Amino acid sequence: MTSDPYIKRIALFGSTGSIGVQTLEVIEAHPDKFSVEILTAHKNHDLLVRQALQFNPNIVVIVDDTRYAEVKEALANTDIKVFAGEKALEEVAAMDCYDLMLAAIVGYAGLRPTLKAICHGKTIALANKETLVVAGDIVIQKAVENRVPIIPVDSEHSAIFQCLVGETRNRIEKIILTASGGPFLGRKPNYLVNVKKEHALQHPNWTMGAKITIDSATLMNKGLEMIEAKWLFNLEPEQIQVLIHPQSIIHSMVQFEDGSVKAQMGLPDMKLPIQYALAFPKRIVSNFPRCDFKKINSLTFEEPDIRTFRNLALAKDALHKGGNLPCVMNAANELAVYAFLRNRIGFLDITDVIERTMDKVHFIDNPTLDEYFESDGEARNYAADIMHLS
Ligand code: NAD
Ligand code: MG
């Protein structure tokens with residue numbers, strides 16, 4: 001907790017995840033610049049308590065209310081207020097005690113608290129790409145209305161954001177979103193049909209939460225990122241290109257009308273885009289490992305194989321058609337990925353579930369927020385039926 005006006009007060013939603021933990025490492029290295037005011041977690045109460053004891057926030061939220069008593073008890077000798085339940089996320093997102101929300105909840109669950117923060121004028125550092133995939137038009141419209149900056153944390157979008165600094169009057173011809181290709185780059189369906197979650201969870205370049213790691217293996221992550229980019233940078237689908245770049249050194253590129261291309265580079269390390277978003281518009285020092293170009297033999301690029309990795313084709317379709325289709329796709333993907341992680345369906349079934357759900361749920365061209373919520377529910381029900389999940 002702080003009252004120093006020069007310190008940015010941070011609300012970290014999803015503090016126990018991969019992005020959450022790395023965000024706290026960045027904050028720990030800069031106690032003169034950031035304070036932690038809110039921490040939230042879904043189930044991992046042990047880690048939440050340890051984080052709270054170290055960073056002394058105003059408030060913690062444990063979403064799973066069966067763990068409330070344990071958290072309350074563990075923090076009994078502190079001034080930290082403890083809340084529980086899903087609704088509490090939105091309630092604390094509306095509070096005055098912080099300046100910037102780092103949105104690091106995974107999936108659809110991040111949407112409501114982030115929207116609430118936007119409506120209360122908070123700056124958003126956005127890791128939770130699903131927020132823009134589900135309801136990008138409404139999120140951006142609310143951000144504009146409330147003059148709220150949305151600073152991307154996703155490494156590709158941070159790269160594009162950094163390339164665009166100083167270019168406000170210049171038209172973007174296209175952006176090139178780079179993708180590592182994931183653990184199954186070059187593989188064909190006859191191989192993918194047998195892959196297990198242990199295999200799919202091994203990402204070559206990044207260590208991340210389970211859901212995004214599977215999304216990277218299926219290339220759905222890049223599909224979600226195309227839709228995220230559309231909303232963040234106000235682009236037409238035709239202006240967004242995906243290129244496989246297995247070394248993950250170029251984090252993405254922007255091509256301008258004169259043909260000039262700007263890239264942002266560095267070693268794959270999420271702490272860099274996290275720190276950039278927290279400190280924006282300043283760059284602040286870091287001790288992150290530096291890129292030694294002499295040790296990088298080559299940077300290579302290739303077209304993604306969308307015939308094998310059909311999730312990317314489905315996401316392109318959703319990007320082009322718009323309406324509630326990205327929301328429906330996201331819901332089916334979330335459910336299918338969790339079913340795959342519980343060994344309930346195979347790797348290639350993920351795509352079938354998404355495709356069938358996208359075909360089935362009725363299309364709405366210009367959904368209201370409630371219609372997005374309904375489409376999400378409808379898609380989840382349908383996807384669960386296909387997979388025989390109760
Ligand atoms: P993670 O699974 O490691 O962590 C997720 C966090 O969200 C945890 O703190 C968890 O407690 C919380 N959470 C989960 N379900 C919740 C629910 N229903 N309600 C409230 N809280 C819930 O995920 P992650 O890898 O840190 O990713 C977080 C977000 O950042 C995702 O949207 C992901 O796409 C995005 N992202 C992650 C990375 C990365 O390197 N991990 C990179 C770019 C973007
Ligand atoms: Mg990314």
Side-chain angles (χ1 to χ4, degrees), residues 11-25 38-49 51 60-65 67 71 83-90 92-93 101-114 124-134 151-161 175 177-182 201 203 205-216 219-229 232 242 245 248 250-252 264 268-274 276-277 330 333-335 337-338 341 376 380:
L12 176 52
F13 278 58
S15 67
T16 53
S18 161
I19 294 288
V21 166
Q22 294 179 82
T23 300
L24 289 176
E25 286 171 22
I38 299 176
L39 293 173
T40 85
H42 189 214
K43 288 182 188 298
N44 190 346
H45 59 289
D46 283 337
L47 181 54
L48 180 67
V49 164
Q51 291 176 335
V60 298
V61 179
I62 181 82
V63 175
D64 178 356
D65 50 19
R67 317 202 176 197
V71 177
F83 295 88
E86 215 178 285
K87 272 269 155 232
L89 287 177
E90 283 182 80
V92 304
M101 170 191 277
L102 198 137
I105 289 177
V106 60
Y108 174 82
L111 171 61
R112 288 177 199 252
T114 306
I124 306 293
L126 188 72
N128 176 265
K129 64 193 82 184
E130 295 91 345
T131 286
L132 287 177
V133 173
V134 172
I151 307 157
V153 170
D154 212 350
S155 57
E156 297 76 3
H157 305 75
S158 175
I160 293 162
F161 190 86
I175 61 160
L177 280 180
T178 52
S180 71
L201 283 171
H203 194 280
N205 302 346
W206 302 92
T207 310
M208 311 176 284
K211 192 248 173 192
I212 183 175
T213 306
I214 302 301
D215 284 346
S216 301
L219 289 201
M220 179 52 91
N221 184 47
K222 215 44 58 179
L224 299 176
E225 290 185 356
M226 292 179 83
I227 299 168
E228 180 185 14
L232 280 172
V242 170
H245 165 49
S248 297
I250 295 183
H251 297 312
S252 278
Q264 187 265 335
D269 180 352
M270 283 309 295
K271 279 199 272 187
L272 212 151
I274 290 170
Y276 184 82
N330 176 71
N333 181 57
E334 283 189 21
L335 229 67
V337 167
Y338 287 118
L341 285 170
D376 174 84
R380 276 168 205 270

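On a predicted model such as this, the values are computed, not experimentally measured, just so you know. Numbers for residues simply follow the sequence, beginning at 1. Just so you know, ligand 1 is whichever comes first in the structure, and atom 1 is the first atom listed for that ligand.
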(request) Run the contact test for N44 against ligand 1 with a 4.0 Å cut-off on heavy atoms, strictly below, and give the result. (result)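 It does not; every heavy atom stays at 4.0 Å or beyond.
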
Check ligand 1 against [X] and write out every atom of the ligand that is under 4.0 Å from a heavy-atom position of the residue.
{"X": "N128", "result": "32 (O)"}
{"X": "S15", "result": "9 (O)"}
{"X": "A41", "result": "11 (O)"}
{"X": "A109", "result": "17 (C), 18 (N), 19 (N)"}
{"X": "T16", "result": "8 (C), 9 (O), 10 (C), 11 (O)"}
{"X": "A127", "result": "30 (O), 32 (O), 35 (C), 36 (N), 44 (C)"}

What pair of heavy atoms forms the shortest contact from [X] to [Y], and how long is it?
{"X": "G182", "Y": "H203", "result": "CA-NE2, 4.0 Å"}
{"X": "I105", "Y": "G110", "result": "CG2-N, 3.6 Å"}
{"X": "V153", "Y": "S158", "result": "O-CB, 4.3 Å"}
{"X": "A93", "Y": "M101", "result": "CB-CE, 3.9 Å"}
{"X": "G85", "Y": "V61", "result": "O-CG1, 4.1 Å"}

(request) Report the C-alpha distance between L111 and T131 in whole Å, list the side-chain angles of each, state the deciding distance to 0.1 Å, and finish with yes or no for side chain to side chain contact (heavy atoms under 4.5 Å, CB included). (result) CA-CA 5 Å; L111 171 61; T131 286; 3.9 Å; yes

(request) Would you check if N221 and K129 make a side-chain contact, meaning some heavy-atom pair closer than 4.5 Å? (result)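 N221 reaches K129 side chain to side chain.
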
Among protein heavy atoms, which sits nearest to [atom], and what does the distance come to when rounded to 0.1 Å?
{"atom": "atom 29 (C) of ligand 1", "result": "I105 O, 3.7 Å"}
{"atom": "atom 34 (O) of ligand 1", "result": "K129 CE, 3.2 Å"}
{"atom": "atom 36 (N) of ligand 1", "result": "I212 CD1, 3.7 Å"}
{"atom": "atom 5 (C) of ligand 1", "result": "V106 CG1, 3.6 Å"}
{"atom": "atom 44 (C) of ligand 1", "result": "D154 OD1, 3.5 Å"}
{"atom": "atom 28 (C) of ligand 1", "result": "A104 O, 3.3 Å"}

(message) For V49, run the side chain to side chain contact (heavy atoms under 4.5 Å, CB included) check against I62, L39, V71 and tell me which one passes.
(response) V71

Judging by distance only, is a nitrogen or oxygen of [X] under 3.5 angstrom from one on ligand 1?
{"X": "G17", "value": "yes"}
{"X": "A210", "value": "no"}
{"X": "G209", "value": "yes"}
{"X": "S18", "value": "yes"}

(request) Would you indicate which of H42, R112, E156, E130 comes nearest to atom 13 (N) of ligand 1 when only heavy atoms are counted? (result) H42

(request) Closest by any non-hydrogen atom to atom 26 (O) of ligand 1: pick that one out of L12, N221, I19, V63. (result)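 Shortest heavy-atom distance from atom 26 (O) of ligand 1: I19.
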
(message) Distance check, rounded to the nearest 0.5 Å: E228 atom CD versus N128 atom CG?
(response) 9.0 Å

(message) Can you tell me how far apart CD (Q22) and CE (M270) are? Round to the nearest 0.5 Å.
(response)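 Here the interatomic distance stands at 7.0 Å.
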
(request) Tell me which part of S155 gets within contact of ligand 1: side chain, backbone, both or neither, using heavy atoms under 4.0 Å. (result) neither

(request) Give the contacting part of M270 toward ligand 1: side chain, backbone, both or neither, where contact means a heavy-atom distance below 4.0 Å. (result)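 Contact part for M270 vs ligand 1: side chain (C-beta onward).
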
(request) For the Mg ion (ligand 2), find the closest N/O/S atom belonging to E225 and write down its atom name. (result)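 Restricting E225 to its N, O and S atoms, the minimum distance to the Mg ion (ligand 2) goes to OE2.
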
(request) Look at atom CD of E86 and say whether more than 12 heavy atoms of other residues, nucleotides or ligands are closer to it than 6.0 Å. (result) no

(request) Evaluate side chain to side chain contact (heavy atoms under 4.5 Å, CB included) for I214 paired with L201, printing each intermediate quantity in order. (result) CA-CA 6 Å; I214 302 301; L201 283 171; 3.8 Å; yes

(request) Please work out the angle at the Mg ion (ligand 2) defined by atom OE1 of E156 on one side and atom OD1 of D154 on the other, rounded to 10°. (result)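 It comes to 100°.
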
(message) With a 4.0 Å cut-off on N to O distance, would you call K211 and E130 a salt bridge?
(response) yes

(request) Using only heavy-atom distances, determine whether the side chains of T16 and N44 contain a donor-acceptor pair under 3.5 Å. (result)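 Looking only at side-chain atoms, N44 and T16 do not form any donor-acceptor pair under 3.5 Å.
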
